[in-house]
Each structure stands twice: as C-alpha cells, then as structure tokens.
Amino acid sequence: MSDRPIATTRSAAGMPTGKLAVWWVVVSEIVIFGGLLASYIMHRLAHSDWGEQAAHTNTWIGAFNTLVLLSSSLSAVLAHKAASEGNGPKAAKLLWLTILGAVTFVTVKGFEWAHEIELGYTITSSTFWSFYYTAAGLHAAHVIAGAIIMGIVAVAAAKNRELHRVELIGIYWHFVDLVWIFLFPLLYIAK
Amino acid sequence: MAESIPATPELAHDEHGHHEQSFASKYLFSTDHKMIAKQYLFTGIAMALIGGFFAYAFRMQLAFPGMDIPFFGVVSPGEYNSLITNHGTIMIFWVAMPIILAAFGNLVIPLMIGCDDMVFPKINRLSYQIFLLSALVLISSFFVEGGGFGGSWVAYPPLSSEPQYNLTPLGSSLWIGAVGLEFVAFLLGGINFITTTMNSRAPGMKMNDIPIVVWMIVIASVLFMASVGPLLAGAIMLLFDQNLGTAFYDPTRGGDPVLWQHLFWFFGHPEVYVVFLPPLGMVADIITTFARKKLFAYRTVLYTVFGTGVLSFTVWAHHQFISGIDPRMANIFTVTTLLISIPIAELMFVYIATLYGGRISLTTPMLWALSFIAEFLIGGVTGIFLGASGADVYFHDTYFVLAHFHYTFFPIAIIGFYMGVTYWFPKMFGKMMSDFWGKVHFWGTIIPFNMIFIPLFVLGTAGQHRRIYDYSHFPELMTPGMQDMRVFATMSLLVMLAFQLVFLINFVNGMIRGPKAEKNPWKANSLEWTTESPPPHGNWPPSEMPTVYRGPYEYSVPGREKDYWPQNEPT
Amino acid sequence: MIESLVPAGSSYAGEIDLLVNMILWIVGFWFVLCEVVFFWLIFRFRKKEGVPGQYISGEEKSQKRWITIPHVLVLVCDIFILVGAIWVWYDIKQDLPPAQAEVRIISQQWAWTFVHEGADGEMGTADDITTINELTVQVDTLYHYKLESLDVIHDFSVPVWRLKQDAIPGRLITGWFEPTLTGSFDIQCAELCGVGHALMGGTVHVKNAADYASWVAENSTMSLASAATPHAGGE
Amino acid sequence: MARPPLDPRTLRGAETTGTHMQSGRNRATRWTTIVCCVVASFALAVVSGAADLEVGKELYEQCAQCHGADGGGRSFYLAPSIAGMDEWYVTSQLENFKAGTRGLHADDKGGLRMYPMARSLTSDYGGTDAEKIEAVSAYIASLPEVFPAPEVTGGDAVKGAALYATCQQCHGAAGEGKQLLNAPRLAGTSDWYLVTELQEYKQGIRGSNPLNGPAVLMRGMSNMLANDQAIRDVVAHIVTLKPATQNGN
C-alpha cells in the first residue's frame, strides 16, 4: 500500500475509482449472465416440454433462498450506512451478518442439490437440468467469491481501515442478489 | 456519498522511484505499467513466432502436399487442422490482443493522459499473469494425447464438443480453457484501461484533448467487455459438454449447435473492432505527427467510432448466412452489415483528408501507418462481397473470405504492431532503431504480404474452399494453374518470414546498441514525449506531473515559430 | 468475375455472378478512387524545404463537405448493393419453386450419401437408389434437396451451381437447385468437419434425359458397391 | 489464368485422375527445384532416403489419432486394434478401402470414416501411393501386439469354441490367420470390432462388393452364425486365443 500511484488520487469523472471499477465489473458480469440466460430462454421457448422438468424443482426452497439473499442485501445496505458514518466495527458486524446470509444460501442450495441428485436429476438428465445446475452453479460461485471478499473487507473495516470498500462490496452484492432475482422465476416459478 | 470516504491519499507516492528493486520485483512481479507493457509485448512476440511457424508449416503443405517439411516433418490431416486452428487462435487472442490492446494500452494510456501508473497496478499485474498462464495452457495443449485442438478457431460444435468427432479429447478442453482464461485476463486489463482514462487524466485534459489512440483503446475495451460475456458463458457450456456430458450443443439430446454460433459471433464480430480500433488510433497519432497536420475532424472520428461500436453488435449473423438460420434473418443482417461499411468508409476518408496540406516525411512508423490505410481499404471493400447475402452464398468459406480476413487482420495485428513499436520504441527502451533497416523491413514485408493474399482472392473466387490440407481430392481445384498460385503464395510467405529476421535484428540491436533517444525525437505533441526516454518509475517526477492546455493535434499552427505545440506547454 | 473461373451450371448461377460483378464495379470504383487520391496526396504534400504544413481543423462545414459528400454517395451505392443482394438471396434461399424431382443428401464423417428417386419417381420406395459420394441428376430439372447430417456440421457445396448450404445435425434443411450444364463437377464439404474434411469430396454427374433414364434403369435393379440395396440381409 | 475446360469430364476414375494430377506434378517439380534453393539455406534434406519404417512411423501419426500410438484401438472412435497385424492384411485392407471395395456402404459408419483416411495416403511427395501403403503397413506389422481388454459382454466362450471349429479352417486353431487363404489373424483384434464386422457381414454391409472376393466369401461364412448370441459366443472364444508366435516382437 505504501506506493499508491498518484493516478488513484484523481477523479476526473467525478466518481471514486474503486466504485467506477466495480460498476464496470458488474457490467461485464451482466453480459456473462445475460448470455447464459438468453440462451436458456431461447431454448425454453423452443421446448415447451421443459415445464415438466421444471416442475421437479422446489419452489419453496427457492423462495426461502430468495428471502435470505434479499435480507442479506439489506444488511449490506446498513453496513454501507454505518461505514459512511465512520463506524467501522458496526459496519464489520453487519457485513458478517451478510456473510451469514451467503453461508445460509449456499448451505440450503447444497442440501437442495443433494436431494435432487438423489432423485436422479443430475446435470446430464436433460438440457433443462444442465441449465439449472450451470446457471445456479455459476451464481453460487459468485456468492461464495463475494462472501470471501466481504470477509476480507470486514476484517479491515473492524479496524476502521479501507471503509470505502464496504460500499464497493455492497454494490457487487446487490448485483449477485439481482442475478438471483432473475434466476428464481426462470428456473423455479416458470413451470 | 461519493466524497464521504477518502481513499487514503496521505499514503500516496512517498517513496516513488527511490527504492532499490530486486530482479524478481522489477521484472517478474513488477506493477509498473511500462514493464507490464513490455511483458505483454515480448510474450506476444514469442506467440507470434509460434503462430508464424504454424503458418509456414501449413503453407508449405499446401504448396507441396506430402512433403517432409524442414523443421516440421510430414503434415497429417489432423496436424493440419490443429495447425490452422491454433494459428488463428494464437494470432488473434495471443498476438493481436496482447500486443495491440494490452501492450500498447498499458504503455501509452498512463503516459498519454499524464499520470504515473494505472489505477490498479496489482490487478494489472494479475491480468498479465493470468494471460501468461493462458498462453502456457494453450501451448501445453499441443503436446497432449491426440494433439492440439483441430476444430478451427470458431470451434463449431458438435465437432468441438464431442471427442469422438474431433479426436482431440484433451486438446479441445485445454484450448477452450485457455481461451476462457485469456478472456478473464483482458477483462481485468480492460477495467483498468477504462477507469484509468476516465478518472486519472492530467489536470486540464478535457474529453476532446485525449489522443485518439487512447480513446480507441478505451472504446475497444468497452466493446470487449460488453461482447465477451455471452461467449464466456458459451465456453463454460462447451467445457461442460466436453467433460461432464451435458448436451447444450448436442441436437440428439435437446441442445442446439447453432446456439454456439450465435454466442461466438456475437462476440466474434465486435472482437474485430476490439483489435481494429487501437491500430486505427495509432494511425491517427502517427500520421498527424509525420504530416505535421491537425487531425481532420477530431469529433467526427469519435462519433463515427461510437457508431461503429454500437452497430458492431448488430451484424454478427452475417457469418451464418448459410448455416441454416431462418433465411429471412439474413436480410436484416445484410442491411446492418452494409450500414457498418459507412462509418468505416468515413474514417478512411477522414484519414485521407488529414494528409491534405501536410508536410509528409516518410519515416518508418509513417510508412507503416500509411500502409495500414492502403491495405485496410482492400480488406474493407472485399468485405462488401461477403456482407451481401446473395454473393455470400458463393463466397462463404472460400479462400476469398480468408484473404479478406487477412487483409483486415494483417493491418491490425502485424502493421499495427510494427507501427506502434517503431513509433514508441524510443519511449519503451530509450534508444533509437535504425530507420534504414526499418524501411528495408517495411518493403520486405508489405510487398510479399500482398503477393501472398492476392492469389488467394483468385483461388477463392475459383471455388477453393477452406481448411483443406491437400486439394488433390478435388479435381476442379487441382488444375496446374491453381497449384502454381498456391506455390507462389507460399514462396511469398517464405520471403516475408525471412524479412522478419531483419526486424528482429534491428529490434534487438536497437535495444542494445541503438543511439540514445532524446525526450521528443519525433517532435510530437502528446504527453508521453514530455518526459525522459525511457520514462522513470512514476513517469514524471512528482513535482513535474503535466498539466494539459490543448488538444494533441496542434501542428503547424499559424504564427508560431515551431510547427508543433506540446499539450502541456502553457499558452 | 466468377464465371471466368468457374462455369455457371445452375439456373441461379448467373444471378450471383451478376450481383458479384455489380459489387465489383461499385466497390472497385471507390477503391481505385481512394487509393489514387491517397497516393497523390502523399506525393503532392511530401516534405519540401520552406513549405510549412497547413492548419486545417476539418471542423468547419466547408471543409467537412469533403468527407460528407463521399459519405452520402457511399450510402447510395450501398442501397444498390443491398437491393441486389436481397433480391438474389430471396430467389435462392427464401423462395422455394415447385419441385420436379427430389434428392436426399445425408452427410456424415466423412462421406456423402445420396438417395435418388428410383424409376417410379417417388422418394421413400424400394427402388430408391442410394449412392455414396456420387450424385446423379438430370439437366434442366428443378430439384428439391433435403439435407441432413448424422454427426457434425457439414456444408454441401457445388461451386459450379453456386450452391452452398450447411448441414446441421438434428435439422432437415430443404432447398432447391436446377442444373443447366451437363458434365461432372466437384462436390465439396465447405465446413470443417474433422480430420477427414479434405477427403469429403464427391462428384455430381449432370446427365441429359436419355442418359439419366438409362442410369436409373441400370441402378434400380443392380446392387453395386456404391449402391447397396436397402435390404441386403435377407438371403 | 489458364484453365483446361472442365467439361466434358469423364467419371472420376483412376486413369483420369492420374493424368490430371500428372500435369500438376510436372509444374510442381519445377517449383520444387526453386523451393529447394530457398530451403537449402535451412540446411536440411527435403526428401531423405530414410528407412521404410521411419517413413511408416511418420505416416502412422495420422492413424494414431484414432487407433492409438500403440495401435491398441479405441472403440470410442470405431477404431479397432491393429498393432502387430499381418503386413499383407493391412496392405490389402488399405487398398480395399482406397478403391472403395470396402467401407463404401451407407450404413458402414466406421468404414466411411476409414475410406477417406486410406485415400489420404496419396500426394505429390514422399514416394508413390503404393510405397506409402507399404511403409505404413510394415510399421503397423512391426508394432508389438496389443491384446485389448474385452468390451463385449454376454458371450459364452465354451459354446463359442464349438462354433469356432468352422472358422479355424481358415483362420487357424489359435486365430493366427493364413495368408494363403486370405484369412487374417484374429487373435488380438478388438472384440467389439469382431462383433460389428460379423454383424455387418451378415447384413451385407460388408462383403457385398463383388470386386472384393475374400469379403464375399466371408459374408457367406458369417451366415453360419445364427444370431447375435452366436456371434458374441464365438467372439468370446476368440478373445481367449493367444498364438505361440507373435508378430513383430
């Protein structure tokens, strides 16, 4: 950290560089998920029989996970608020709460998948299940990566350091949440 | 909210350029953008040598089918497919992208906008390391059982997704894995380019004061970022099809092979502009410098490029006219494709108009920049034949396509590389290259280049289709006249490759023994020429960070003694 | 441009050749014009002692004219090309004129299987003639082809007919052609289909009515190596 | 560009293609002289008089993609084991494939893959077509024999041994093959391949071309096996065969 370039102290666009970068990360992620979901939707429209496959997904578990992610987004917002007030330890606590949400989400997902695989719905069962595991898996990987980064941010924030990062991870977390908002109806509700 | 949390500025640059660096931290783990640029450059050159060798091997096979080729041996059909596939992949993803976008982007962005480094130096380093890893993965794929992937660089499934069809079970997975890693590397690099240019310009540098080349690299990065996502998703699906037994692209189990074509070309066409725009920007900076002219209609150039960028997302299916898509769709894509010819034509007009009234000195970089325009014009006009759906019915997948493609990509990757290197060599290494040998190399490259590909236009028009290791099974294509043209093209390639030695010697010699370069050898305006050659760590001493007063193209301003006016010179 | 290198052997080959020639003249004109102006400017404004460069911003309307007028002209030319391209495309790929005969084309790694109507003139009957890598058709007859692939993507291409169509596994693609020139011509696979792609050639024999009839008569009954009978197992 | 008229052109027969290629070769020879001058600077001999096995090994690289570097075969690619096969048999089959007397049947999936591969052993350089076939056959014969792991299940080797009595007239008691009777060695051949071929013989997919005499004969013999079970039984027996003398070792 000792030789931070002068470049990072400038802000010609009127937005802190880190925030700008996170927005660009989000843009590039949107097109990745966009490509995947567009492919899924095109296939889905061409295959009306996928509804039968989708009927075997568990809407209630999906809904529970949606609720978990949404509330974790709320705690991320509160963490940002605490950070902008300069209250690092409080922000850290709220971040840990968010991570708890992520862990819950992944754990529930793990049980859900284990149950589905037990019933014989694996990634090779049909193209619907291939999309189901690929899209949700890619999303889960983002949840896990986000939680790890959030842990790093929280450790620093607890010592009142790098507080601006609380907002950055928050933006990313909202994005991860938003992806799920698209995945949930597409994979669970549309039957 | 934005200003509420300062990014700890008190820690900035207290030790800049003073501490001793070990070899590893200077060359292997450097975060200095100039060093990373050189790493990209040399990796790119190394990959270009591999890609060039592949071209040599398969061109020899085409001219003398079955011959025991010196340094290679007999080319089997599988090896031929692998050679052409990896020649294409390497030249686009491991030569054009790292050299044109990453090496020059890293080198010129901080220097030209007047700051000391990229905003995320460590991410920059990580980007190079991922890139290097991807190159190693790709190279390793040539040595696994079954050999390197041979499904062409477009990798259409089911050929690419099913090992029993492509016969390269490991090679194809390593190939798609390497391509995916490479995309991640350039996403990270692209974020750096964009944010650095947006936020860290020198005080006083307005949007209209940014050199065109920086604009172009940033727009190219945005295009890349916005187009690569679907293909990354597609690559994951392809990898799963290859290794987990999913059926995304397998029509017998509910998938669709054409899906990949859409995902690939949705990226593939903007990708052309991703690598095309940076050299186009270099041309703007080089011809203005050596013609001592202001760029003709700076803002028109920008608007045109924005237009091209947006349009480039709407043309992808012109690669798929005869691939079984709904024929009505072809009409839409013919319209958009012909539309995109308009901004490109306008850009060419702007550059030609810039020459009017200039004071043109034909230095080596200027020769390269001018040849870019002359050669790219051929690539551009031949594209019309392919974009017009009715004519594409005949030309699709012939050597006409191949020749057209090389008339766009040779200017992009090879001419772009040489003009950038010869122009910024003093800034990179603090030495000068020989202008005489530079010109020898120029003529020795540009003439054989045309002699390679003009025969291929004729061959394509005569119906010669692509990716064939030996034409003897097609009597119409084995007439003596056609074989003579193939031999002629191969001979020209050998001559062109031989002349690249001139460049390599000139390059290395210039680096070691060239005369010391002054600050501003070309008498150019942009900011990189206001610091030492090569620039110190941090580019300028902290007290002398430049401030910008005008645009970069104020040459031959009436009433001034000197015919150039550096951007940082107070009025 | 094409017809000097490859004979035009189908009813629509002439249309494509005409379109290509039109594009050639239009873009050829622009190309020559640009290059001539380009090289002339380089020569005219080469560095001379005592002659300074001019200061032209290109932002004024009177200056911008030099690029906007050619730009509009290019647009006009594009419209001509566009109309021609879509016209030809519609004829070849979108429109499906009524058929006089039908042929099935099955592609696989690395061979073409052609199923011809036998003497009864109907597809799917016992006297269908199946051949490998050899297609036989009658001149001046409008054929519908049904193209399919058993494994990877192939492309059925007959340069003399200016016909090219990808074969996509899982899809049955219908199109048409009408040969107008008798003789034997190359069939090429124009989409990379694996190691044997270069060897996936074939020949199309275009015969006049009498020759075609005798070919049908000869092959409907005989069991050749390249024309196996459909039910060979039952002896 | 000078271009001989395409039309009328006779059927693509051996002679026509030959003369067609000949003119290309003469020109190419002239060009070779020129290229040799350029390539001479590389200080490497263009065509070396290397031993047949060396040539065969180089040519075999192409076969190795499906049949494996050791010639052990891959059922996945429809490629049987070929290591240590008799040279005369490899040569004869390559020639059959090349001439189209084997493999050219709409339902012979493996044969249609092999047909173009055999035809790829032609080109303007590196010896005549016959020499190339000879070289690659010699190399395949020289490979140490591989006994692939059985892949076919459900066969009864005991019943198969009885059925094999008919086969051993020609193919030998130990499956060693007899060149005099055009009977190839069976020991060491992939079992799934034997099953496929026997089925294809029975259905006339293989052995229906009158120009391929031994295959026509074998087609008749295959009808001695009543059904798929009999085929599996006899193959289960053949898998157990290990002749005392092995080729190529």
Side-chain angles (χ1 to χ4, degrees), chain B residues 77-78 152 156 158-159 165-167 251 257-258 292-294 296-297 322-324 327 330-331 334-335 338 341-342 345-346 349-350 352-353 355-361 374 377 381 384-385 388-391 393-394 396-397 461-463 465 467-470 473-474 476 555-558 563, chain C residues 1-2 5-6 16 19-20 23 27 31 34-35 37-38 41-42 45-47 52-59 64 66-67 70-71 74-75 78 81-82 85-86 88-89 92-94 151-153 157 159 162 164-166 168-171 173 186 188 190-195 197-199 201:
Chain B
S152 95
Y156 282 2
L159 182 64
Y165 298 146
N166 59 40
L167 313 180
V258 181
R292 317 310 289 169
K293 262 299 299 293
K294 191 176 167 72
F296 193 91
I322 60 155
S323 71
N331 297 332
T334 306
V335 174
L338 285 175
S341 70
I342 291 163
E346 177 136 340
F349 293 149
V350 165
I352 293 172
L355 296 175
Y356 181 88
R359 190 167 182 270
I360 298 167
S361 43
L377 264 172
V381 295
I384 305 280
F385 292 91
S389 51
V393 173
Y394 182 73
H396 180 88
D397 258 329
T461 312
H465 56 305
R467 295 162 184 156
I468 302 296
Y469 83 104
D470 179 351
H473 300 280
F474 301 96
E476 280 173 25
Y555 291 102
S556 305
V557 179
D563 66 352
Chain C
M1 183 162 80
I2 304 174
L5 297 166
V6 187
I16 292 187
L19 172 68
V20 169
I23 300 176
V27 304
F31 173 68
C34 281
E35 297 279 4
V37 171
F38 175 71
L41 286 175
I42 295 174
F45 294 101
R46 66 192 185 279
K47 186 175 177 179
Q54 300 172 25
Y55 187 80
I56 302 166
S57 74
E59 302 287 356
K64 240 182 203 164
W66 288 98
I67 54 169
H71 169 180
V74 168
L75 184 66
D78 267 1
I81 296 173
L82 197 61
I86 292 180
V88 173
W89 175 263
I92 299 173
K93 296 286 182 188
Q94 244 172 293
D151 37 43
V152 301
I153 298 177
S157 164
R162 316 282 188 268
K164 204 166 269 176
Q165 179 61 53
D166 275 12
I168 310 279
R171 295 188 193 186
I173 294 168
D186 271 4
Q188 307 173 347
E191 188 69 65
L192 182 63
C193 59
V195 170
H197 173 52
L199 300 143

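Computed from a predicted structure; not experimentally measured. Throughout, a chain's letter reflects where its sequence line sits, starting with A, and its residues are numbered from 1.
- C/Cys193 touches chain B through its backbone: at least one of N, CA, C or O sits under 4.5 Å from a heavy atom, while the side chain does not.
- Interface residue C/Ile56: backbone and side-chain heavy atoms are both found under 4.5 Å from chain B.
- Using a 4.5 Å cut-off on side-chain heavy atoms (C-beta onward), C/Leu199 and B/Tyr469 make contact.
- Looking at B/Leu167, only its side chain comes within 4.5 Å of chain C, counting heavy atoms on both sides.
- Here the CE atom belonging to C/Met1 is positioned 4.5 Å from the CZ atom belonging to B/Phe385, to the nearest 0.5 angstrom.
- To the nearest 0.5 angstrom, B/Leu159 atom CG is 5.5 Å from C/Leu192 atom CG.
- At distances below 3.5 Å, not a single donor-acceptor pair connects side-chain atoms of C/Lys47 with backbone N or O atoms of B/Arg359.
- With a 4.5 Å cut-off on non-hydrogen atoms, C/Ile173 touches chain B through its side chain but not through its backbone.
- The residue among B/Asn166, B/Ile352, B/Asn331, B/Thr334 with the most heavy atom pairs within less than 4.5 Å of chain C is B/Asn331.
- For the pair C/Leu41 and B/Tyr356, the tightest heavy-atom approach, listed with the atom from each and the gap, is CD2-CD1, 3.7 Å.
- Taken from CG in B/Asp397 to CG in C/Asp166, the straight-line distance is 7.5 Å, to the nearest 0.5 Å.
- Atom CZ of C/Arg46 and atom OG of B/Ser361 lie 13.0 Å apart (nearest 0.5 Å).
- Heavy-atom minimum distance, C/Trp89 versus B/Pro327: NE1-O, 2.9 Å.
- Looking at C/Ile168, only its side chain comes within 4.5 Å of chain B, counting heavy atoms on both sides.
- When each of B/Ile384, B/Val557, B/Leu338, B/Val335 is checked for heavy-atom pairs under 4.5 Å with chain C, B/Leu338 comes out on top.
- Heavy-atom distances place the side chain of C/Leu19, and not its backbone, under 4.5 Å from chain B.
- Of all heavy-atom pairs between B/Ala374 and C/Phe38, the closest is CB-CE2, 3.9 Å.
- To the nearest 0.5 Å, atoms CD (B/Glu476) and CD (C/Gln188) are separated by 7.0 Å.
- Contact check for B/Glu346 versus C/Val74: no side-chain heavy atoms found under the 4.5 Å cut-off.
- When all heavy atoms are compared, the tightest approach of C/Pro169 to B/Pro158 is CG-CG, 3.7 Å.
- When all heavy atoms are compared, the tightest approach of C/Lys64 to B/Ala297 is CE-CB, 4.2 Å.
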- [ ] Please lay out, stage by stage, how B/Arg467 and C/Glu191 fare under the test side-chain contact (heavy atoms from CB on, under 4.5 Å).
- [x] CA-CA 8 Å; B/Arg467 295 162 184 156; C/Glu191 188 69 65; 4.0 Å; yes
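- Heavy-atom minimum distance, B/Ser556 versus C/Tyr55: O-CB, 3.4 Å.
- Only the backbone of C/Pro52 comes within less than 4.5 Å of a heavy atom in chain B; its side chain stays farther off.
- By the 4.5 Å heavy-atom criterion applied to side chains, C/Ile2 and B/Tyr394 are counted as neighbours.
- Interface remark: B/Tyr156 contributes side-chain atoms only to the contact with chain C (heavy atom separation under 4.5 Å).
- Between B/Val393 and C/Arg162 there is no side-chain heavy-atom pair separated by less than 4.5 Å.
- When B/Ala353, B/Pro558, B/Ser323, B/Ala388 are compared by the number of non-hydrogen pairs under 4.5 Å with chain C, B/Ser323 comes out ahead.
- Inter-residue side-chain proximity for B/Ile468 and C/His197 is flagged as met; some heavy-atom pair is nearer than 4.5 Å.
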